[in-house]
**Q** 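My questions all concern the structure below.
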Amino acid sequence: MHRILVLDNIAQEGLVILDASPNVEYEVRTGLSGEDLRTALNEFDGAILRSGVKITPESLEGNTRMRALVRAGVGTDNIDKPAATRRGIVVMNTPAGNTVSTAEHAFALLLALSRNIPAANQSLVEGRWDRKKYMGTQVAGKTLGIVGMGRIGREVASRAIAFDMKVIAFDPFLTDEQASAIGVKRVATVDEMLPQIDYLTVHTPLTPETKGLISHAQLDKVKPGLRVINAARGGIYDVDALVEGLKSGRLGGVALDVFENEPCTDSPLFGMPNVVCTPHLGASTEEAQTQVAVEGIHLLINYLQTGEIRHSVNVASLDPKTLDELRGFLNVAHRLGLLACQWHGGGIDQVSITYRGEVAGKDTRVVNNAFCAGLLERIVDDANIVNSEMLLRERGIELSEEKHRDKGAFASSITVKVSGGGRSIIVGGAVLGQNMPRLIMLDEYRLESFLDGKLLIFAHKDVPGIIGRVGTVFGTHGINIAQMAVGREGDAPGGSAIGVLNIDGDVPADALAEVEGIDAVTQVKIIDLPKAGELPSWLS
Ligand SMILES: NC(=O)C1=CN([C@@H]2O[C@H](COP(=O)(O)OP(=O)(O)OC[C@H]3O[C@@H](n4cnc5c(N)ncnc54)[C@H](O)[C@@H]3O)[C@@H](O)[C@H]2O)C=CC1
Ligand SMILES: O=C(O)CCC(=O)C(=O)O
């Protein structure tokens, strides 16, 4: 049973899906913070939220249960993503569900500013018929500057063009070709657009580059009377600069839907002339809320039930088709990681992964993560495909990847060199038939061995009789050998070789000592892997 926590009010349509989903139970607990939030998050497998809850590192402290946090909306700035990633929690959002509603709200603010709608309404309902005071500005023929030409910025642009406005846009990822296809003029910097525009609207996340995009210094650069709108994130405009600009007349109006600290019930802008503010209503339409709730719940259930990862902001996506194609490889990679950790023995500082054949044509980032999860699983609690790469980097271990499309002996294979502490080892694997993991390389030896259960690996000189002597030791101790594979250096006998035995049950210490005592045996190690068919929780 997957337990889902609904942390904010979401549309009923989302709850209906939860009600109808087998193997899922949920609770709605809104307004949680501090210790209550921390405790609650540890009682559920997944959670869905809007902007009303802040997930901090403290909220996730000691969490061993939560697997996914879904933001029913775009901005995930209320979720501490490094903390979630560290705990192995996938963070997903619903990027497109509220795009149109937010663009419409930004445009509604632009029109409200142009025609003084809120102030005129207020004056009228207070008993005044003040037509002269509320003389407005026509938007047709005026120029709108848009910073951020992503989903919302582009919707705003098309609405502005429909209103006969000229549009100038800045976005580091906008090309001249894209700009002309949309019908806007691209500029290379925000400063370049400021003297040319009558209205400015921003549709970017709050980042170090966008924080204070309009500050005191920009007031000197703007065309006097510029009206500015922000339905993206508080902090993109500096509030003190906005107040100064309004007082000096450099700014003709300010419309804000978002604030640096929310909820915001007090601001020097509130009550000033030519200011229109709304309490973060951009996405507050029935249509947007239904879409983000339905999409968000689907994302959550799909991840918990099938492992599909879509719209993740902290880990590579894994759609159902790719998941299906890679499932066998995720399993092999995880097992190779577990083997590499035990065979190397510790002090690792470098991991080089090579994919060969068909698998090299796929997005293998998540396979890398599966290997890293196996490598770390015995060292770090709760390593999984979400957090393993971060955990690896935090430990100063370098990860590199190489791909070769040409096939070797197998349709697809993965080989990993793990180095550190003066020792390098190599493990290689492939998938046979329907998800049967095989070890095909160990250090310089090619072989073909089952990659599950208990393995006894013994390096030895390639001289006659060794296999028989090792077999006799196990027979004497009543230990069954399920499978056996050997690989040797080159084609001729006499060099070094390696044997891999799949053992049923445990190997007693005295049996191990007897194998170690065989003179031609140079190294013996027992390796513990998951049993055949056993999958880690993140893959089952
Ligand atoms: N008021 C509200 O209720 C809502 C607010 N939002 C906010 O609106 C913002 C935009 O959302 P979307 O369009 O969906 O995101 P998006 O990811 O589709 O677009 C963002 C764009 O900003 C651009 N950008 C990033 N840094 C930039 C910079 N320094 N200068 C210029 N452009 C830059 C990116 O290249 C991208 O094209 C987000 O911050 C989101 O949280 C989104 C939905 C509702
Ligand atoms: O959930 C909301 O209403 C806020 C929407 C928003 O800001 C976002 O999606 O980024």
Side-chain angles (χ1 to χ4, degrees), residues 1-81 83-95 97-98 262-263 280 283-315 381-382 384 386-387 537-538 540:
M1 183 66 68
H2 299 298
R3 280 173 52 74
I4 290 178
L5 177 59
V6 179
L7 283 164
D8 271 312
N9 291 315
I10 62 164
Q12 188 59 28
E13 287 82 348
L15 301 181
V16 168
I17 299 171
L18 285 172
D19 281 324
S21 300
N23 226 6
V24 165
E25 60 183 29
Y26 73 95
E27 281 180 41
V28 180
R29 294 198 207 164
T30 58
L32 291 182
S33 62
E35 191 50 26
D36 293 343
L37 176 61
R38 196 186 74 80
T39 311
L41 287 170
N42 208 10
E43 291 168 10
F44 292 84
D45 305 294
I48 184 160
L49 59 146
R50 289 177 58 191
S51 53
V53 188
K54 276 202 164 39
I55 308 288
T56 62
E58 292 72 35
S59 327
L60 296 172
E61 190 65 49
N63 196 305
T64 51
R65 178 151 187 186
M66 182 62 53
R67 291 176 56 205
L69 290 166
V70 171
R71 166 72 159 96
V74 180
T76 50
D77 42 349
N78 55 331
I79 301 173
D80 190 296
K81 286 175 286 296
T85 309
R86 192 164 291 113
R87 298 254 163 223
I89 301 169
V90 181
V91 180
M92 295 176 264
N93 71 351
T94 58
N98 60 25
E262 295 185 5
H280 204 148
S284 293
T285 63
E286 282 175 17
E287 293 83 355
Q289 285 315 307
T290 302
Q291 288 184 61
V292 297
V294 168
E295 190 183 2
I297 292 295
H298 279 310
L299 289 175
L300 201 47
I301 293 177
N302 284 352
Y303 177 62
L304 294 177
Q305 294 191 336
T306 70
E308 176 194 357
I309 301 176
R310 283 181 56 223
H311 301 317
S312 170
V313 295
N314 65 336
V315 65
D381 275 347
D382 303 320
N384 65 20
V386 178
N387 59 11
S537 60
W538 42 265
S540 47

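Here the structure is a predicted model, which is why all the values come from computation and not from measurement. Hydrogens, waters and symmetry mates are skipped; everything else that's a heavy atom, side chains included, is used.
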**Q** Could you give the distance from CZ (Arg67) to CG (Leu300), rounded to the nearest 0.5 Å?
**A**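 CG of Leu300 is found 10.0 Å from CZ of Arg67.
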
**Q** Look up atom NZ in Lys81 and atom OG1 in Thr76, then write down how far apart they are to the nearest 0.5 Å.
**A**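 With rounding to 0.5 Å, NZ (Lys81) is 3.0 Å from OG1 (Thr76).
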
**Q** Could you tell me whether a side-chain N or O of Asn93 sits under 3.5 Å from a main-chain N or O of Val74, the two making a donor and an acceptor?
**A**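 Between the backbone of Val74 and the side chain of Asn93 there is a qualifying donor-acceptor contact (under 3.5 Å).
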
**Q** Taking all non-hydrogen atoms of both residues, which atom of Val90 and which atom of Ser312 are closest, and how far apart?
**A**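 So the minimum-distance heavy-atom pair works out to CG1-OG, 3.7 Å.
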
**Q** Quick one: CD1 on Ile4 to CG on Leu18, what's the gap to the nearest 0.5 Å?
**A**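 Result: 5.0 Å between the selected atoms.
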
**Q** Applying side chain to side chain contact (heavy atoms under 4.5 Å, CB included), name anything that partners Ser21, two or more places apart in sequence or on another chain.
**A**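 Side chain to side chain contact (heavy atoms under 4.5 Å, CB included) list for Ser21, sorted by chain: Ile17, Val24, Ile301.
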
**Q** Go through the structure and list residues passing salt bridge (Lys or Arg N to Asp or Glu O under 4.0 Å) with Asp36, not counting sequence neighbours.
**A**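 Result, salt bridge (Lys or Arg N to Asp or Glu O under 4.0 Å) vs Asp36: none returned.
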
**Q** Say you draw a straight line from CD of Glu262 to OG of Ser51; how long is it, rounded to the nearest 0.5 Å?
**A**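 Between atom CD of Glu262 and atom OG of Ser51 there are 6.5 Å.
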
**Q** Where the side chain of Asn63 meets the backbone of Leu41, is there a donor-acceptor pair that is under 3.5 Å apart?
**A**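 Such a contact is found between Asn63 side chain and Leu41 backbone.
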
**Q** Kindly indicate whether the side chain of Asn42, heavy atoms from C-beta on, has any atom under 4.5 Å from the side chain of Arg65.
**A**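 Heavy-atom side-chain distance check passes, below 4.5 Å.
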
**Q** For the side-chain contact (heavy atoms from CB on, under 4.5 Å) test, which of Ile55, Asp8, Leu49, Thr56 pairs with Asn78?
**A**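 Option passing the side-chain contact (heavy atoms from CB on, under 4.5 Å) with Asn78: Leu49.
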
**Q** Please walk me through it: do Ile79 and Asn314 pass side-chain contact (heavy atoms from CB on, under 4.5 Å)?
**A** CA-CA 11 Å; Ile79 301 173; Asn314 65 336; over 6 Å; no

**Q** With side-chain contact (heavy atoms from CB on, under 4.5 Å) as the criterion, how do Met66 and Arg3 come out once you've worked through the C-alpha distance, each side chain's angles and the decisive distance to 0.1 Å?
**A** CA-CA 9 Å; Met66 182 62 53; Arg3 280 173 52 74; over 6 Å; no

**Q** Please find the pair of heavy atoms, one from Ala72 and one from Thr94, that lie closest to each other, and give the distance.
**A**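 Heavy atoms only, the tightest pair is C-OG1, 3.7 Å.
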
**Q** Within the side chain of Ser59, is there an N or O that forms a donor-acceptor pair under 3.5 Å with the backbone of Arg38?
**A**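 Not a single qualifying donor-acceptor pair exists.
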
**Q** Can you name the nearest heavy-atom pair linking Ala47 to Leu7, along with the distance?
**A**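 So the two residues come closest at CB-CD1, 4.0 Å.
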
**Q** Could you grab the distance from atom CD of Glu295 to atom CG of Asn98, nearest 0.5 Å is fine?
**A**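 Output value for this atom pair is 10.0 Å.
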
**Q** Contact between Val386 and Ile89 at the side-chain level, heavy atoms closer than 4.5 Å - yes or no?
**A**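 Sidechains of Ile89 and Val386: no contact.
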
**Q** Provide the closest heavy-atom pair for Ala84 versus Leu69 in the form atom of the first, atom of the second, distance.
**A**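 Shortest heavy-atom contact: CB-CD1, 4.4 Å.
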
**Q** Please find the pair of heavy atoms, one from Met1 and one from Asp45, that lie closest to each other, and give the distance.
**A**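 Looking at all heavy atoms of both residues, the shortest contact is O-OD2, 3.8 Å.
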
**Q** Tell me if the NZ atom of Lys54 is crowded by more than 12 foreign heavy atoms within 6.0 Å.
**A**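 It does not: Lys54 NZ has 12 such atoms or fewer within range.
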
**Q** Is the shortest heavy-atom distance from the side chain of Leu32 to the side chain of Val53 under 4.5 Å?
**A**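 They are not in contact (no side-chain heavy atoms under 4.5 Å apart), so the answer is no.
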
**Q** Say you draw a straight line from CG of Asn384 to OG1 of Thr85; how long is it, rounded to the nearest 0.5 Å?
**A**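 Separation between the atoms: 10.0 Å.
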
**Q** Are any of the side-chain heavy atoms of Val6 and Arg29 separated by less than 4.5 Å?
**A**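 Side-chain contact under 4.5 Å: no.
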
**Q** Kindly list each side-chain donor-acceptor pair under 3.5 angstrom involving residues 286-294, sequence neighbours excluded, with atom names and distances?
**A**
unit_1 : atom_1 : unit_2 : atom_2 : d
Gln289 : OE1    : Arg50  : NE     : 3.3
Gln289 : NE2    : Ala283 : O      : 2.8
Thr290 : OG1    : Glu286 : O      : 2.7

